[in-house]
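Reading through the structure tokens given below for one structure.
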Amino acid sequence: MKYYLLAISITFLGINTLIAQEDLLNELEQETKEESYEQPAFKAMKIGNLQSTKVAAKGDMYMYVSHRFGTLKDGLTTFFGFDNANTKIQLVYGIYDGVQIGLARESIRKTYSSHIKAKIIGQSKDFPVNIVGYATANIRTDLRKEQYPLLEFGDRMTYATQLLVSRRFSNHFSFELAPTYVRQNLVLEPFQKHNQIALGAGGRLKVSKRMSVNVDYVYNFSRHKNSIYNNPLTFGLDIETGGHVFQLLFSNAQSTNEPGFISNAEGKWFEDVFFGFNIVRVF
């Protein structure tokens with residue numbers, strides 16, 4: 001627990017110093033152009049939990065370190081969830097202009113994932129929105145034959161496909177819609193469907209040169225009314241510094257993988273809320 005406290009303290013104490021540094025992300029300088037509302041609509045590859053339309057440039061390597069702590073409602077028993085952290089480490093690489101791939105490992109459900117994300121068309125004077133395609137495949141490694149004797153390799157797999165459509169309305173506000181398809185080969189809840197259709201929505205409101213407030217929500221049309229899971233809602237604060245983006249988040253979903261938070265958001269807002277953060281570094 002003391003290591004989490006030390007890490008959080010260093011993060012917050014270092015923010016003021018980092019803000020004073022010369023910004024290494026060239027995209028930040030583009031926002032000084034008063035009438036340019038083109039790409040990027042978002043500064044990070046995620047709005048909160050929901051994917052944004054930002055795609056890595058060719059040759060750029062990103063490292064994401066994500067933490068989602070346990071529920072805040074346990075109070076001091078788990079130090080407001082710090083004792084029950086879910087950690088995800090992800091590497092993203094731009095293989096072509098407008099195409100990225102990534103690999104990740106998340107501790108919850110011991111999940112490994114891969115993804116591909118490709119820009120279809122960008123917002124310009126001639127076209128009103130950004131359109132990006134996203135697909136991910138996840139494999140759970142926490143499932144054991146002892147628990148499920150008939151378990152096959154394919155049962156460990158989950159998939160998600162999204163069409164991300166965003167528009168940067170001004171230098172301060174961007175909005176996105178994300179029609180989504182999720183496939184779970186194995187469902188452990190009687191009411192859960194294998195094939196699920198959902199619609200995500202998210203936005204970014206810039207409140208200063210290097211800070212923005214972000215919100216995203218996903219409505220799962222295939223969720224049964226008696227399901228124990230909920231639709232994910234996430235509030236966040238992005239802090240852009242020299243070469244880094246810090247994202248501080250509150251969500252009712254502990255998983256950061258698309259099949260995880262879209263299908264299995266375990267918390268209820270104002271009851272089971274998870275605090276977390278992402279640290280993003282570009283090389």
Side-chain angles (χ1 to χ4, degrees), residues 39-42 44-64 66 88-106 108-123 129-141 152-167 176-187 192-202 216-223 229 231-232 234 253 255-265 278 280 282:
Q39 275 265 28
F42 299 93
M45 292 177 184
K46 284 195 168 187
I47 303 172
N49 277 329
L50 189 67
Q51 289 286 330
S52 77
T53 50
K54 179 179 174 63
V55 181
K58 181 180 179 180
D60 281 356
M61 172 75 78
Y62 287 76
M63 182 176 72
Y64 268 72
S66 303
K88 178 179 177 179
I89 298 177
Q90 182 177 42
L91 292 176
V92 175
Y93 183 70
I95 56 174
Y96 301 108
D97 287 331
V99 181
Q100 72 178 48
I101 58 174
L103 296 172
R105 201 272 187 181
E106 184 176 65
I108 191 169
R109 304 182 185 96
K110 297 182 168 55
T111 304
Y112 292 86
S113 64
S114 62
H115 82 264
I116 184 169
K117 191 175 185 181
K119 176 182 174 182
I120 299 172
I121 192 169
Q123 180 180 340
V129 296
N130 305 294
I131 302 178
V132 171
Y134 176 83
T136 181
N138 296 209
I139 176 171
R140 289 183 60 173
T141 62
E152 298 180 359
F153 178 82
D155 295 329
R156 302 178 183 274
M157 301 298 298
T158 57
Y159 308 89
T161 303
Q162 296 180 304
L163 187 67
L164 311 171
V165 182
S166 74
R167 177 172 173 81
E176 177 183 288
L177 290 175
T180 302
Y181 166 75
V182 175
R183 167 70 188 186
Q184 291 184 299
N185 286 349
L186 177 66
V187 293
Q192 193 89 322
K193 295 182 179 179
H194 292 281
N195 298 304
Q196 302 166 37
I197 302 298
L199 178 64
D216 65 49
Y217 175 77
V218 183
Y219 185 84
N220 191 330
F221 293 96
S222 304
R223 194 183 311 283
Y229 299 113
N231 293 321
T234 303
S255 175
T256 64
N257 290 327
E258 283 73 24
F261 72 82
I262 294 173
S263 299
N264 302 320
N278 300 329
V280 187
V282 59

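Along the sequence shown, residues are numbered consecutively beginning with 1.
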Pick from [options]: which one makes a side chain to side chain donor-acceptor pair (under 3.5 Å) with [X]?
X: Ser263; options: Arg183, Lys193, Gln196; value: Gln196
X: Glu106; options: Thr111, Thr256, Asn138; value: Thr256
X: Gln51; options: Lys117, Gln162, Lys46; value: Lys117

Sidechain-backbone polar pair: [X] side chain, [Y] backbone, donor-acceptor under 3.5 Å:
X: Thr161; Y: Ala135; result: no
X: Asp216; Y: Ile47; result: no
X: Gln100; Y: Ala56; result: yes

Any idea which heavy atoms bring [X] and [Y] closest together, and the distance?
X: Asp155; Y: Leu186; value: O-CB, 3.2 Å
X: Pro259; Y: Thr136; value: CD-CG2, 4.3 Å
X: Arg109; Y: Gly260; value: NH1-CA, 4.4 Å
X: Gly48; Y: Thr234; value: CA-CG2, 4.1 Å
X: Ala253; Y: Phe261; value: CB-CB, 3.6 Å
X: Val99; Y: Val55; value: N-CG1, 3.9 Å

Practice task
Give a yes or no on whether Ile95 atom CD1 has more than 12 heavy-atom contacts from other residues, nucleotides or ligands under 6.0 Å away.
Solution key: yes

Got [X] and [Y] here, is their nearest side-chain heavy-atom distance under 4.5 Å?
X: Val280; Y: Met45; value: no
X: Gln90; Y: His115; value: yes
X: Leu164; Y: Thr53; value: yes
X: Lys119; Y: Asn130; value: no
X: Ile89; Y: Arg105; value: no

Handout entry: Between Tyr134 and Glu258, a side-chain donor and acceptor under 3.5 Å
Key = yes

How many angstroms lie between [atom1] in [X] and [atom2] in [Y], if you round to the nearest 0.5 Å?
X: Tyr96; Y: Ile101; atom1: OH; atom2: CD1; answer: 9.5 Å
X: Leu199; Y: Leu163; atom1: CG; atom2: CG; answer: 11.0 Å
X: Arg140; Y: Ser113; atom1: CZ; atom2: OG; answer: 13.5 Å

Handout entry: Worked verdict on Leu103 versus Tyr93 for side chain to side chain contact (heavy atoms under 4.5 Å, CB included)
Key = CA-CA 9 Å; Leu103 296 172; Tyr93 183 70; over 6 Å; no

Problem - Check against side chain to side chain contact (heavy atoms under 4.5 Å, CB included), Leu91 and Met63 - result: CA-CA 5 Å; Leu91 292 176; Met63 182 176 72; 3.9 Å; yes

Practice task
On the 0 to 90° scale, with breaks at 30° and 60°, tag the Tyr217-Tyr219 ring pair as parallel, tilted or perpendicular.
Solution key: tilted

Exercise for the section: Given side chain to side chain contact (heavy atoms under 4.5 Å, CB included), test Tyr159 with Asn185 step by step and report yes or no. Expected result: CA-CA 9 Å; Tyr159 308 89; Asn185 286 349; 3.9 Å; yes

Practice task
Determine, stepwise, if the pair Arg223 / Asn231 fulfils side chain to side chain contact (heavy atoms under 4.5 Å, CB included).
Solution key: CA-CA 9 Å; Arg223 194 183 311 283; Asn231 293 321; 3.2 Å; yes

